[in-house]
Student: 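Starting off with a structure, shown below.
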Amino acid sequence: MISIFPTYKCNHNCEFCYLHDKHYPKVLDLRILEKRLEEITQHYEIEKFNTYGGEITLLDEDYLIQLNSILNRYNVKNYVSSNLYNIEKLNLFTNAYISSSINEERADYKYVIETLKNNKHKFERLCVLSMITPSILNKDAYTVLKSYNDLGIDWISFIKYYPSINTGDVYHIQQ
């Protein structure tokens with residue numbers, strides 16, 4: 001699995017965020033990405049790309065088209081994570097699984113839920129990533145899974161939460 005982190009830029013300030021500097025101006029040089037992927041494939045078989053950041057839809061459309069083109073050269077699954085800031089830009093990723101975090105701790109939680117419900121038809125595959133935060137820990141598993149199932153998503157992934165850079169909060173899975 002190759003994780004690709006094109007940008008630190010983000011338009012949110014989620015308390016559970018792992019980003020160090022959401023205003024870091026540089027983006028991943030796609031020529032370097034191409035070179036590294038060529039080097040990696042000489043020694044390893046790539047099975048999956050995870051493309052995330054910051055918020056990927058803050059990047060220029062031309063950049064995203066070029067990134068998609070590079071990733072599509074490899075016959076592997078590409079998982080693109082977004083906070084759904086500009087959902088139309090996500091359509092630039094062909095053959096990709098689109099995912100978003102839907103933790104209740106997000107300030108725009110209701111917006112994300114409505115966006116997922118209203119745009120499911122636009123994507124071949126729609127997924128959810130959830131950090132294991134209090135909104136999940138404090139509910140029974142059936143309630144959590146039913147709420148995701150009601151969205152009609154294709155899959156869900158739970159991610160172990162680790163301390164936020166900004167708040168220092170830690171949510172432990174085993175409470």
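Computation of the quantities below employed the complete heavy-atom set of this structure, encompassing side-chain atoms and omitting hydrogens, waters and symmetry-equivalent molecules.
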Student: Looking only at heavy atoms, what is the nearest atom pair of Ile153 and Ile156, with distance?
Tutor: CD1-CB, 4.1 Å
Student: Answer yes or no: does atom CG of Asn75 have more than 12 heavy-atom neighbours from other residues, nucleotides or ligands under 6.0 Å?
Tutor: no
Student: List in chain and number order the residues that pass side chain to side chain contact (heavy atoms under 4.5 Å, CB included) with Asp29, two or more places apart in sequence or in another chain; answer none if no residue qualifies.
Tutor: Arg31, Ile32
Student: Going by the salt bridge (Lys or Arg N to Asp or Glu O under 4.0 Å) test, which pairs reach into residues 74-85, not counting sequence neighbours?
Tutor: none
Student: Test of understanding: with side-chain hydrogen bond (donor to acceptor under 3.5 Å, both in side chains), list the residues that count as partners of Glu34, not counting sequence neighbours.
Tutor: Arg73
Student: Give, for atom CG of Asn118 and atom CD1 of Ile113, the distance between the pair rounded to the nearest 0.5 Å.
Tutor: 11.0 Å
Student: Sequence neighbours excluded, which residues qualify as salt bridge (Lys or Arg N to Asp or Glu O under 4.0 Å) partners of Lys146?
Tutor: Asp150
Student: Between Leu71 and Asn95, does the side chain to side chain contact (heavy atoms under 4.5 Å, CB included) criterion hold? Intermediate values first, please.
Tutor: CA-CA 10 Å; Leu71 299 180; Asn95 304 315; over 6 Å; no
Student: Report the residues that fulfil side-chain hydrogen bond (donor to acceptor under 3.5 Å, both in side chains) with Tyr148, sequence neighbours left out, ordered by chain and then residue number.
Tutor: Ser130
Student: Checking Asp140 now: which residues fulfil side-chain hydrogen bond (donor to acceptor under 3.5 Å, both in side chains) with it, not counting sequence neighbours?
Tutor: Thr143
Student: Could you check Tyr79 against Thr51 for side chain to side chain contact (heavy atoms under 4.5 Å, CB included), going step by step and ending with a plain yes or no?
Tutor: CA-CA 6 Å; Tyr79 296 83; Thr51 308; over 6 Å; no
Student: Using the rule side chain to side chain contact (heavy atoms under 4.5 Å, CB included), only one of Asn119, Leu116, Leu90 pairs with Ile98; which is it?
Tutor: Leu90
Student: Would you kindly say whether Ser81 and Asn50 are connected by a side-chain donor-acceptor distance under 3.5 Å?
Tutor: no
Student: Consider only side-chain N and O atoms of Asn83 and Asn11, and report whether a donor and an acceptor are under 3.5 Å apart.
Tutor: yes
Student: Answer yes or no: is there a donor N or O on one side and an acceptor on the other, between the side chain of Ser69 and the main chain of Ile65, under 3.5 Å?
Tutor: no
Student: Can you check side chain to side chain contact (heavy atoms under 4.5 Å, CB included) on Asn103 and Tyr109, steps first, answer last?
Tutor: CA-CA 7 Å; Asn103 292 80; Tyr109 171 74; 5.9 Å; no
Student: Pairing donors with acceptors under 3.5 angstrom, does anything connect the side chains of Glu55 and Thr7?
Tutor: no
Student: Hydrophobic cluster mates of Tyr85, side-chain heavy atoms under 4.5 angstrom, ILVMFWY only, any path?
Tutor: Leu58
Student: Go through it in stages, so that I can follow the logic: the residues are Val27 and Asp60, the test is side chain to side chain contact (heavy atoms under 4.5 Å, CB included), and I'd like the CA-CA distance, side-chain angles, deciding distance and then a yes or no.
Tutor: CA-CA 10 Å; Val27 296; Asp60 294 334; over 6 Å; no
Student: Look at the rings of Phe5 and Tyr52 and say which category their plane angle falls in: under 30° parallel, 30 to 60° tilted, over 60° perpendicular.
Tutor: perpendicular
Student: Enter the distance from Asp108:CG to Ser101:OG here, rounded to the nearest 0.5 Å.
Tutor: 9.0 Å
Student: How about Val80 and Tyr97: do any of their side-chain heavy atoms sit closer than 4.5 Å?
Tutor: no
Student: Which pairs count as salt bridge (Lys or Arg N to Asp or Glu O under 4.0 Å) when at least one residue sits in residues 86-104, sequence neighbours excluded?
Tutor: Glu88-Lys122, Glu104-Lys139
Student: Which residues pass the side-chain hydrogen bond (donor to acceptor under 3.5 Å, both in side chains) test with Thr94, sequence neighbours left out?
Tutor: Asn68, Asn72
Student: How many angstroms lie between atom OG of Ser147 and atom CD1 of Ile136, to the nearest 0.5 angstrom?
Tutor: 8.0 Å
Student: Can you tell me how far the OG1 atom of Thr115 sits from the CG atom of Leu151, to the nearest 0.5 Å?
Tutor: 11.0 Å
Student: Please list, chain by chain and in numerical order, all residues satisfying side chain to side chain contact (heavy atoms under 4.5 Å, CB included) with Ser100, sequence neighbours excluded.
Tutor: Leu84, Arg106, Val112
Student: Determine whether a donor-acceptor pair (N or O, by modelled atom type, separation under 3.5 Å) exists between the side chain of Thr57 and the backbone of Asn86.
Tutor: yes
Student: So, using side chain to side chain contact (heavy atoms under 4.5 Å, CB included) as the criterion, who are the partners of Asn149 when residues are at least two apart?
Tutor: none
Student: Within this structure, what is the CG-CG distance for the pair Leu64 and Asn91, rounded to the nearest 0.5 Å?
Tutor: 11.5 Å
Student: Sequence neighbours left out, what pairs pass salt bridge (Lys or Arg N to Asp or Glu O under 4.0 Å) with at least one residue falling in residues 37-49?
Tutor: Arg36-Glu39
Student: Going only through I, L, V, M, F, W and Y residues with side-chain contacts under 4.5 Å, is there a path from Phe49 to Met1?
Tutor: no
